Amino acid sequence: QVQLVESGGGLVQAGGSLRLSCAASGRIFSINTMGWYRQAPGKQRELVAVIDSGGSTTYADSVKGRFTISRDNAKNTVYLQMNSLKPEDTAVYYCNVDRMYLQNKRWASDYWGQGTQVTVSS
């Protein structure tokens, strides 16, 4: 059983910082791309940032220069450092793993965390 457990959300004032973490647990051998998505009330879920197994990153234009995604492959964990937060960053943030190779020699795809609320006050 594979699980993604997120932590680090909360309430912060505009201009502040938060760091999100997402740990994948289970009989995992390796993980391809890990990423963060967010969904604000009344809006569709959108990509925030992703990082592949080699460390290459992609960011949404709205967060470039403010957010940094990183990962620790030994811990199967992905992080999102969010600086200079704006009220428009308020959303539920979801961790995603696109594809992972399990110890039972099978591939598993498209896992999501339970979501963590980030609220930025003006």
Side-chain angles (χ1 to χ4, degrees):
Q1 184 84 10
V2 174
Q3 286 187 321
L4 301 183
V5 179
E6 300 151 346
S7 60
L11 172 65
V12 65
Q13 287 188 333
S17 298
L18 283 174
R19 189 188 193 215
L20 305 183
S21 299
C22 172
S25 63
R27 296 182 178 273
I28 300 168
F29 184 75
S30 63
I31 298 176
N32 286 3
T33 300
M34 306 181 79
W36 292 94
Y37 292 73
R38 66 187 181 187
Q39 188 166 17
K43 294 188 177 182
Q44 290 189 332
R45 190 172 297 187
E46 63 176 4
L47 179 146
V48 176
V50 294
I51 182 168
D52 69 16
S53 57
S56 295
T57 58
T58 300
Y59 293 92
D61 287 343
S62 59
V63 307
K64 282 181 181 177
R66 299 188 298 122
F67 291 10
T68 302
I69 189 170
S70 61
R71 65 190 281 174
D72 184 334
N73 290 329
K75 296 181 179 179
N76 290 329
T77 299
V78 63
Y79 306 96
L80 186 68
Q81 178 67 44
M82 304 185 293
N83 299 328
S84 303
L85 282 160
K86 304 175 181 179
E88 50 263 44
D89 294 318
T90 296
V92 177
Y93 283 69
Y94 296 91
C95 173
N96 173 262
V97 168
D98 75 331
R99 205 157 180 249
M100 65 185 100
Y101 191 58
L102 305 179
Q103 293 180 6
N104 63 3
K105 300 182 180 180
R106 293 185 176 183
W107 288 94
S109 299
D110 202 25
Y111 275 77
W112 292 91
Q114 78 284 1
T116 184
Q117 177 70 46
V118 171
T119 303
V120 184
S121 63
S122 56

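Keep in mind the model is a prediction, meaning the values are calculated, not measured.
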Item to check | Atom of Phe67, atom of Tyr59 and distance for their closest heavy-atom approach | outcome: O-CE2, 3.3 Å
Checklist entry - Which of these passes side-chain contact (heavy atoms from CB on, under 4.5 Å) with Gln39: Gln44, Arg45, Glu46? => result Arg45
Checklist entry - Pick from Val48, Val50, Thr33: which one makes a side-chain contact (heavy atoms from CB on, under 4.5 Å) with Thr58? => result Val50
Checklist entry - Should the heavy atoms of other residues, nucleotides or ligands under 6.0 Å from CD of Gln103 be counted, would the total exceed 12? => result yes
Checklist entry - In a check of side-chain contact (heavy atoms from CB on, under 4.5 Å) between Trp36 and each of Leu20, Ile51, Leu47, which one passes? => result Leu20
Checklist entry - Does one hydrophobic cluster hold both Tyr111 and Tyr37, with members joined at side-chain heavy-atom distances below 4.5 Å? => result no
Item to check | Distance-minimising heavy-atom pair for Met34 and Asn76 | outcome: CE-O, 3.8 Å
Checklist entry - Are Leu11 and Val92 co-members of a hydrophobic cluster defined by side-chain heavy atoms under 4.5 Å apart? => result no
Next on the checklist: Ignoring hydrogens, what is the shortest heavy-atom contact between Leu80 and Ala49? Give both atom names and the distance.
Outcome noted: CD1-CB, 4.3 Å
Next on the checklist: Is it the case that the side chain of Arg71 and the backbone of Asp52 share a donor-acceptor pair, with hydrogens and angles ignored and the cut-off at 3.5 Å?
Outcome noted: yes
Next on the checklist: Which heavy atom of Glu6 sits nearest to which heavy atom of Cys95, and what is that distance?
Outcome noted: OE2-N, 2.5 Å
Checklist entry - Taking C-beta and beyond as the side chain, do Asp72 and Tyr79 meet within less than 4.5 Å on heavy atoms? => result yes
Next on the checklist: Same cluster or not: Leu102 versus Val78, using hydrophobic residues (I, L, V, M, F, W, Y) connected whenever any side-chain heavy atoms lie under 4.5 Å apart?
Outcome noted: yes
Checklist entry - Going by distance alone, is a donor N or O of one side chain under 3.5 Å from an acceptor N or O of the other, for Asn96 and Asp110? => result yes
Checklist outcome for this item: When every non-hydrogen atom of Ser17 is compared with those of Gln81, the smallest separation belongs to CB-NE2, 4.0 Å
Next on the checklist: What I want to find out is whether Lys86 reaches Asp89 closely enough, with some N-O distance under 4.0 Å, to be called a salt bridge.
Outcome noted: no
